[in-house]
Amino acid sequence: MKKISVLISLALMAWGWGGFSPAALADEWVSGDFTAQVEEQEPDPVETVPEEASEPSELEPAEASEEVPASERRRAVRRLGDVVSEGSEDFSMDIPSMDLPQVAAGDLPEVSLPNAEQDAQLQTLIRQRAFNPDNPEIEAELASLLSDVDTQARQAIAAGNMGLANQLVSVINEFEPDREVVGIYNAEVNRQSSLAQSLSQAAAAMDAGRLVSPPGQSARDFYQQALELDPGNSVAADGLVALHDALLAQAVVEAQELDFDTASELIESAESIHDAPDAVAQTRETVSNLMAEHLDALRDGVLSAIEEGEYDQADELITQLVAMGYPSAQVDRLRNTLEDARIYGGFEPGQEFFDRMPRINRDGPAMVVIPAGSFMMGSPDGEADRANNEGPRHRVTIERGFALSRTEITVGQFAEFINATGYRTEAEASGGSRVYEARSGRMDRQDGVTWRDDYMGEPAQPDLPVIHVSWNDAVAYIEWLSENTGRSYRLPSEAEFEYALRAGSQDRFWWGNDSPPRPLENLTGDGDVSPTNARWRVAFRRYTDGFWGPAPVGSLEANPFGLYDMGGNVMEWTEDCWHDSYVRAPADGSAWINPGCDRRVIRGGSWSSTPAMSRSAFRLSSTPDSTDMRVGFRVARDL
């Protein structure tokens, strides 16, 4: 059987469609035009042709200039059919079925390639696949084209041309979505998106001041994330340089605000972010200078607080110095100074000082700082000449230093008080005091004797210890001295007096257990002679100090604490009330006082004391208003 296209061509050529080729017919068939033309024809009545009609001998084409009516063309087709229907095997109209897919234009992939030649090839392959989807030749050609596009896509991705890569990968994804380059492209898109987000977050963190914290939300973290995504990213690299500079600037600000730990951390962070040793060194020097200035200020603050007696504040400042790494040797010195201040009020043990009295433009009594310490108060049971009221022996610990006047208060010093206040003493009020009667050697009361007189009732020299003063008189002087100096003066406690008298010794006397080896105290010595050539019946053997009666203060040697006349010259009033023993006595050196007590303690030896009465543990008492030619006082001062 002849090809259907030959038959159609012959017929059309015979009826004026000679220019219609089989290829054109196929194209119209595919496009749907031909079918549409056929479907648009209304069927006309067909004239019946007798079966026995003879077949035409030849097919004459119509003149080109003459139009053949449609009815004639239909009749011609019919006549052709008549001819074919006569059973001619060569002209059978049994057209075989053609498997032509019916594909709508909208179902074709709408993809294109940037290269015109490749895109033309692609579009052809797309149409061919639409009509013959399983054709191996078409699939092989398409796969080859996609491989070329794959290579181009990889090159575009490597060059960072993501627009081109997107167009190329879109084509590949349409036909072969499992190709590796599709995943590579998607990963790169995600990477660049994450990179852009990290850079945006880094800039926002910088603006918000989140330079290195909080973790995971700081500019440093975001810039580092960006560099992990794109190791050579210039924006991230420049951002880290800017962050480095900002950290160093912030370190200086923190140092100015005295947060040196944070400043140091910021410098270390900057150093780890960007290598700029000169800038880091300069910042360290700036912070170091600021710290040094602050340390100096803290040190000066410690000393100032100590000077003002603000010891807790000084301690806090020292703690700050320690926290900032202040040299330990200097810290130790400051702590010692503070400890001394707590104990000695800023003075040093053994230091002598005066407090000024502005109202009379004079200095107060010379004072000596007594070191803090501990001792056994009272006398041991086996001590010679021991009295029952000297026990039980017990330990006393004096934790804070105090000061004692270097000598007893003198007549001249007491006169300043009287002249300034007009005070009237107990002896003046009572009309007299006890004196030493040289002719008889007795000690009797004598009228008219006052603080202005010596032990025999004669006018006293200003440098002699004031006597003929009561406990009450001594307290009145001390109150005036405190008011005029602005310092806290008082009488020493009994424990303080014995502690200062012993000056570290636990013997019978502060110098030992026997007679003084040289003139140390104004005591009774077997070599002393009275104005009437009398001698002491009971006295230190082989000893003389050259005085009968009180000597000018400080005439002999000081004890180890730098105090004069503690064990001789005149006995002295203390603050304590009298108790017959030390049972329940304070152990901290404070005065033992009972409200309304009628007797006060007298301690120390005097110019007339026998060896037994000159012992360090010896104690006497008297009423607060009593006066005597052997009793004076010295003052204590809190530090």
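Heavy-atom basis, side chains included; hydrogens, waters and symmetry copies ignored.
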Side-chain donor or acceptor of [X] paired with backbone N/O of [Y] under 3.5 Å:
X      : Y      : value
Asp545 : Leu523 : yes
Ser213 : Pro215 : no
Asp565 : Gly554 : yes
Arg400 : Leu639 : yes
Ser609 : Ser606 : yes
Arg406 : Tyr564 : no

Would you please say whether a donor-acceptor pair under 3.5 Å links the side chains of [X] and [Y]?
X      : Y      : value
Asn472 : Ser470 : no
Asn484 : Arg356 : no
Glu254 : Thr262 : no
Arg395 : Ser374 : yes
Glu521 : Trp511 : no
Asp576 : Ser493 : no
Tyr423 : Asp473 : yes
Thr574 : Arg603 : no

Margin query: Tell me which one of Ser622, Ser621, Cys577 satisfies side chain to side chain contact (heavy atoms under 4.5 Å, CB included) with Arg600.
Written below: Cys577
Notebook entry, point to check: What residue among Leu334, Leu298, Ile318 forms side chain to side chain contact (heavy atoms under 4.5 Å, CB included) with Tyr326?
Noted result: Leu334
Next item on the list: Return the minimal non-hydrogen interatomic distance between Val449 and Gly457, and the atom names on each side.
Entry: CG2-CA, 4.2 Å
Check: Shortest non-hydrogen contact from Leu338 to Ala314?
Finding: CD1-CB, 3.8 Å
Are any of the side-chain nitrogens in [X] or [Y] under 4.0 Å away from the carboxylate oxygens of its partner?
X      : Y      : value
Arg615 : Glu383 : yes
Glu498 : Arg619 : no
Asp385 : Arg508 : yes
Asp296 : Arg299 : yes
Arg535 : Asp526 : no

Next item on the list: For side-chain hydrogen bond (donor to acceptor under 3.5 Å, both in side chains), just list the numbers for Thr485 and Asp355, CA-CA rounded to whole Å, side-chain angles, deciding distance to a tenth of an Å, and then say yes or no.
Entry: CA-CA 6 Å; Thr485 59; Asp355 287 322; 4.8 Å; no
Are more than 12 heavy atoms, taken from residues, nucleotides or ligands other than [X], located less than 6.0 Å from that residue's [atom1] atom?
X      : atom1 : answer
Glu348 : CD    : no
Gln506 : CD    : yes
Glu307 : CD    : no
Gln282 : CD    : no

Next item on the list: Answer yes if the ring centres of Trp607 and Tyr436 are under 6.0 angstrom apart, and no otherwise.
Entry: yes
Check: Quick check, are the ring centers of Phe561 and Tyr499 under 6.0 angstrom apart?
Finding: yes
